[in-house]
*Asks:* 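My structure is below; once you've seen it, I'll send some questions.
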Protein chains: 2
Amino acid sequence: MTIRGKPTSLDIAHLAGVSQPTVSRALRGSPMVNEETRKRILAIAEQLNYKVDKNASGLRRQHAGTLALLLFEDPTPDESHINPFFFPMLGSITRACARHGQDLLISFQQFSDDWHAEYGDSHKADGLILLGYGDYLAHQGKLTKLVEQGTPFVRWGAVMPDQPGLSIGCDNVGGGRQAGEHLGALGRRQVAFLGDASNHYPEFLDRFAGCDAGLRSAGGTGLDRALQVDAESAEDSGFAAATALLERGLPFDAVFAASDLIAIGAMHALQARGLRIPEDVAIVGFDDIPAARIATPALTTVVQDTIRAGELLVEALVRLVNCEPAESTRLETTLVVRRSSGALP
Amino acid sequence: MTIRGKPTSLDIAHLAGVSQPTVSRALRGSPMVNEETRKRILAIAEQLNYKVDKNASGLRRQHAGTLALLLFEDPTPDESHINPFFFPMLGSITRACARHGQDLLISFQQFSDDWHAEYGDSHKADGLILLGYGDYLAHQGKLTKLVEQGTPFVRWGAVMPDQPGLSIGCDNVGGGRQAGEHLGALGRRQVAFLGDASNHYPEFLDRFAGCDAGLRSAGGTGLDRALQVDAESAEDSGFAAATALLERGLPFDAVFAASDLIAIGAMHALQARGLRIPEDVAIVGFDDIPAARIATPALTTVVQDTIRAGELLVEALVRLVNCEPAESTRLETTLVVRRSSGALP
DNA sequence: CTGAAAGCGCTTACAG
DNA sequence: CTGAAAGCGCTTACAG
């Protein structure tokens with residue numbers, strides 16, 4: 001027997017000699033279907049390669065079975081320069097969605113767009129995952145609007161007390177402390193910090209504070225604001241920040257960069273001036289992107305568990321969508337010691 | 001006035017004093033709506049932040065307005081090790097989809113999965129974009145099935161005469177030739193090739209053939225199969241291949257790696273044996289991933305236009321979905337000369 | 001345990 | 001140019 005086009009639940013019903021609603025029940029695993037009937041129906045569905053129509057099901061049930069991942073780019077949208085830090089997380093998120101039976105829509109957004117209107121409505125997605133570095137204060141208003149609209153969402157970023165919505169993030173203070181203690185233990189005392197350490201970038205600010213504490217606990221005097229230069233998470237920005245730092249003419253024997261991209265850009269700038277790494281300047285980064293391992297010297301850096309982060313983001317969002325309780329989580333970091341910090345021969 | 005839940009087209013109709021179908025027409029831009037009526041409707045829709053329900057629209061129109069991107073991973077699924085080559089393409093694809101008004105579903109697949117059944121049906125997506133290196137012959141059967149099912153799809157990969165479906169790919173022969181001519185012009189005569197140069201990996205095979213031709217046209221004797229070692233596109237694999245090459249004990253003065261990941265792994269293996277790059281061995285890769293620039297020495301490599309590729313993939317697929325004619329395309333490559341090939345001081 | 005009925009929110013011939 | 005009607009393929013109370 002042949003069916004024109006994709007088979008429907010009604011086709012299955014005819015073949016199984018039952019009504020169409022019974023097919024629907026059997027397929028959704030309702031407990032009130034005769035075991036034998038269910039088996040017959042499942043067999044036929046399998047054989048016809050039947051798949052429930054997502055539109056019809058979604059329309060009737062008023063939900064999409066789909067989550068949306070919005071990836072924000074920093075200011076320069078020069079064609080697809082996404083922070084490589086997010087890639088493993090993306091992989092983890094797609095897998096976690098699959099495990100939860102959710103489809104995943106992906107969209108790259110500019111910070112300026114009014115994406116908060118685009119999703120939420122229209123039943124494209126039941127909830128949003130927000131990824132991306134960027135100015136937190138500029139972001140906050142939109143997050144608040146999402147909460148008002150009742151759109152379920154989770155974001156990757158700093159976990160703070162009274163922020164709108166749920167966040168999964170790493171322990172940025174703890175990570176900064178690991179970097180600071182490491183550099184302090186190696187005898188570095190004049191540590192420069194490259195990154196925008198303000199409440200616009202709470203993650204960077206936490207890393208700054210953590211490093212400061214770590215240096216002190218190792219017997220030093222902590223971070224000096226005179227050795228801090230703003231930078232966004234990009235190689236160019238790191239290069240420019242290190243250059244600006246050198247021009248200040250103040251002595252420093254180490255650099256803690258708020259991200260690996262900044263660190264790698266800074267290394268280029270320092271090396272171009274003839275400074276040796278780690279002999280003259282020790283470097284520690286944050287993120288452990290693939291390039292960290294390949295840089296010369298290889299970069300000591302703070303690792304965030306991006307795989308686990310992706311899983312937690314999806315789990316938390318699925319809970320929100322199902323109106324179950326969910327909470328923000330802060331993940332532990334670990335320090336990977338490589339040659340750039342001077343601890344290895 | 002307040003409306004419980006999301007507004008529907010019926011809500012708009014009441015407010016505009018017209019029937020619901022007229023709202024639908026106005027919103028879809030039908031030419032048979034009074035200009036003034038349309039404006040009124042659009043204004044109200046805007047004000048209520050109304051968005052057409054995707055499920056309802058999709059159900060009625062029998063299509064999804066959604067494309068699916070399937071990214072295949074090579075054998076080792078050790079958590080999200082995607083070839084970084086695909087990331088800019090991913091960015092380009094998401095943007096192109098947005099321009100075409102398509103949503104993009106993303107899914108990471110194992111080569112073994114029977115993804116060809118999962119999509120195509122169920123109206124999740126109107127068409128598929130297939131990305132990923134891997135054994136082409138293993139793949140081919142599934143592609144043929146997609147064609148039989150009538151599922152529109154495009155893939156990134158070798159453009160070959162009688163393959164199933166549409167492909168967008170780069171001119172691998174041309175790229176290999178650029179590498180070969182470059183090495184040949186620099187006087188390298190004993191060039192090793194790292195990569196699986198068989199019909200299982202037609203892209204690598206083309207790069208092999210192109211390099212062979214390029215070396216000959218530069219006055220050499222071409223590639224020697226005795227200096228070819230299989231490798232998949234991964235750093236480990238490149239390391240292992242270079243190690244195997246060294247163990248053969250045959251002399252060689254250059255390596256053309258079928259991908260940058262292979263090249264970078266090979267560089268580590270060669271340097272670990274005390275060989276100097278480029279003095280003892282010149283290296284050329286393929287892809288221009290971010291790590292190529294950061295490697296020491298920086299890697300000379302063949303660049304594929306991933307941005308354009310993403311656009312072409314989406315354009316071609318949208319055409320297929322709309323039953324318009326579309327064709328496979330082969331993109332030009334360019335050679336980026338860096339220090340690893342010995343052409344720079 | 002199963003069926004008949006209603007309805008999710010749209011789109012599109014069909015009349016007028 | 002506009003409205004009344006039908007229907008896309010499901011899911012879920014409601015009877016039985």
Side-chain angles (χ1 to χ4, degrees), chain A residues 3-42 44-45 48-66 101 103 120-126, chain B residues 3-42 44-45 48-66 101 103 120-126:
Chain A
I3 301 173
R4 67 275 148 234
K6 314 281 178 203
T8 70
S9 57
L10 197 58
D11 296 321
I12 315 270
H14 286 328
L15 290 168
V18 296
S19 74
Q20 181 270 327
T22 299
V23 173
S24 178
R25 289 192 193 97
L27 260 28
R28 310 209 101 251
S30 158
M32 2 175 257
V33 175
N34 180 297
E35 195 47 39
E36 201 175 323
T37 313
R38 150 176 290 118
K39 277 185 190 152
R40 188 150 35 93
I41 291 173
L42 291 184
I44 295 174
L48 292 190
N49 195 23
Y50 168 80
K51 294 285 185 307
V52 175
D53 183 299
K54 256 215 130 190
N55 287 323
S57 172
L59 174 59
R60 183 55 233 256
R61 307 180 66 201
Q62 297 293 17
H63 84 343
T66 302
D103 288 329
D121 39 13
S122 89
H123 295 289
K124 274 185 189 179
D126 303 317
Chain B
I3 300 174
R4 66 275 148 238
K6 314 282 179 202
T8 70
S9 56
L10 197 58
D11 296 321
I12 315 271
H14 286 328
L15 290 167
V18 296
S19 74
Q20 182 270 328
T22 299
V23 172
S24 179
R25 289 193 193 98
L27 260 28
R28 309 209 103 251
S30 159
M32 358 175 261
V33 175
N34 180 297
E35 195 48 37
E36 200 175 324
T37 314
R38 149 175 292 118
K39 278 185 191 153
R40 189 150 35 94
I41 292 173
L42 291 184
I44 296 173
L48 292 189
N49 194 23
Y50 168 79
K51 295 284 189 292
V52 174
D53 184 298
K54 256 214 130 189
N55 287 323
S57 172
L59 174 59
R60 183 53 233 259
R61 307 181 66 199
Q62 298 293 14
H63 83 343
T66 302
D103 287 329
D121 38 15
S122 88
H123 295 289
K124 275 185 189 179
D126 303 316

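Quick caveat, the model's predicted, so the values are computed rather than measured. By convention in this document, chain letters (A, B, ...) are assigned in the order of the sequence lines, proteins followed by strands, and residues within each chain are numbered from 1.
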*Asks:* Let's test your reading of the model: under 3.5 Å, does the base of C:dG9 pair with the side chain of A:Arg60 as donor and acceptor?
*Replies:*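 No, no donor-acceptor pair under 3.5 Å.
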
*Asks:* Taking CZ from A:Arg61 and C1' from C:dG7, how many angstroms apart are they, rounded to a whole number?
*Replies:* 16 Å

*Asks:* Which one is paired to D:dA13, where only Watson-Crick or G-U wobble pairs with both distances under 3.5 angstrom count?
*Replies:* none

*Asks:* Please test B:Val23 against B:Ile44 for side chain to side chain contact (heavy atoms under 4.5 Å, CB included), starting from the C-alpha separation and ending with a verdict.
*Replies:* CA-CA 10 Å; B:Val23 172; B:Ile44 296 173; over 6 Å; no

*Asks:* Would you kindly give the NE2-to-C1' distance between A:His63 and D:dT11, to the nearest whole Å?
*Replies:*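 Atom-to-atom, A:His63 to D:dT11, this comes out as 11 Å.
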
*Asks:* B:Asn34 has a side chain; which of D:dC10, C:dC10, D:dC1 sits nearest to it?
*Replies:* D:dC1

*Asks:* Taking only side-chain N and O atoms of A:Thr22, does any of them lie within less than 4.0 angstrom of OP1 or OP2 on C:dG3?
*Replies:* yes

*Asks:* Pick base, sugar-phosphate or nothing for A:Ser24, based on heavy-atom distances below 4.0 Å to the nucleic acid.
*Replies:* base

*Asks:* Select from A:Pro31 and A:Pro21 the residue whose nearest nucleotide in DNA chain C is closer to the 5' end of that strand.
*Replies:* A:Pro31

*Asks:* What nucleotide among D:dC10, C:dG9, C:dG3 has an atom nearest to a side-chain atom of A:Ser19?
*Replies:*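 Output: C:dG3.
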
*Asks:* Pick the closest DNA chain D nucleotide for B:Gln20 and for A:Asp53 by heavy atoms, then say which residue is nearer the 5' end.
*Replies:* B:Gln20

*Asks:* Output the distance between atom CG (A:Asp126) and atom CD (A:Gln62), rounded to the nearest 0.5 Å.
*Replies:* 10.5 Å

*Asks:* Give a yes/no answer on whether the side chain of B:Ser9 brings an N or O atom under 4.0 Å of OP1 or OP2 in C:dG9.
*Replies:* no

*Asks:* Ion pair present between A:Asp103 and A:Lys54, side-chain N to carboxylate O less than 4.0 angstrom?
*Replies:*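 Salt bridge flag = yes for A:Lys54 with A:Asp103.
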
*Asks:* Would you compute the distance between atom OG1 of B:Thr8 and atom CG of B:Asp53 and round it to the nearest 0.5 angstrom?
*Replies:* 9.5 Å

*Asks:* Starting at CG of B:Asn55 and ending at P of C:dG9, how long is that distance when rounded to a whole Å?
*Replies:* 11 Å

*Asks:* Both B:Ala56 and B:Met32 contact DNA chain C. Taking the nearest nucleotide for each, which residue is further toward the 5' end?
*Replies:*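 Nearer the 5' end of the strand: B:Ala56.
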
*Asks:* So if I take every side-chain heavy atom of B:Val52 and compare against D:dG3, C:dC10, D:dC10, which nucleotide ends up nearest?
*Replies:*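 Nucleotide nearest to B:Val52's side chain: C:dC10.
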
*Asks:* Would you say a side-chain N or O of B:Tyr50 is under 4.0 Å from OP1 or OP2 of C:dC10?
*Replies:*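 Yes, such a contact exists.
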
*Asks:* For C:dA4, what is the paired nucleotide under Watson-Crick or G-U wobble rules, both distances under 3.5 Å?
*Replies:* none

*Asks:* Atom CD of A:Glu35 to atom P of C:dT2: distance rounded to whole Å?
*Replies:* 11 Å

*Asks:* Within less than 4.0 Å of OP1 or OP2 of D:dG9, is there a side-chain N or O belonging to B:Gln62?
*Replies:* yes

*Asks:* How many whole angstroms separate atom NZ of A:Lys51 from atom C1' of D:dG9?
*Replies:*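 So the NZ-C1' distance, A:Lys51 to D:dG9, works out to 17 Å.
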
*Asks:* Please report the distance, rounded to the nearest Å, between CG in B:Leu59 and C1' in C:dG7.
*Replies:*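 Result: 12 Å.
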
*Asks:* Across the strands shown, which category fits B:Arg28 at heavy-atom distances under 4.0 angstrom: base, sugar-phosphate, nothing?
*Replies:*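 Since only primed, P, OP1 and OP2 atoms lie under 4.0 Å of B:Arg28, the category is sugar-phosphate.
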
*Asks:* So how far is it from A:Leu27 CG to A:Ile41 CD1, rounded to the nearest 0.5 Å?
*Replies:*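 Taking CG in A:Leu27 and CD1 in A:Ile41, the distance rounds to 7.5 Å.
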
*Asks:* Any side-chain N or O of A:Thr37 below 4.0 angstrom from OP1/OP2 of C:dC1?
*Replies:*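 For C:dC1, OP1/OP2 do not have a side-chain N/O of A:Thr37 under 4.0 Å.
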
*Asks:* Could you please name the option among C:dG3, D:dC10, C:dG9 that lies closest to any side-chain atom of A:Arg25?
*Replies:*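 For the A:Arg25 side chain, the nearest candidate turns out to be C:dG3.
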
*Asks:* Please report the distance, rounded to the nearest Å, between NE2 in B:His14 and P in C:dG9.
*Replies:*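 From B:His14 NE2 to C:dG9 P: 12 Å.
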
*Asks:* Whole Å only: how far is the CD1 atom of B:Ile41 from the C1' atom of D:dG3?
*Replies:* 13 Å

*Asks:* Nearest to the side chain of B:Thr8, heavy atoms from C-beta on, is which of D:dC10, C:dG9, D:dG3?
*Replies:* C:dG9

*Asks:* Taking B:Arg38 for the side chain and B:Ser30 for the main chain, is one N or O donor matched with an acceptor at less than 3.5 Å?
*Replies:*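 Side chain of B:Arg38 to backbone of B:Ser30: a pair is present.
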
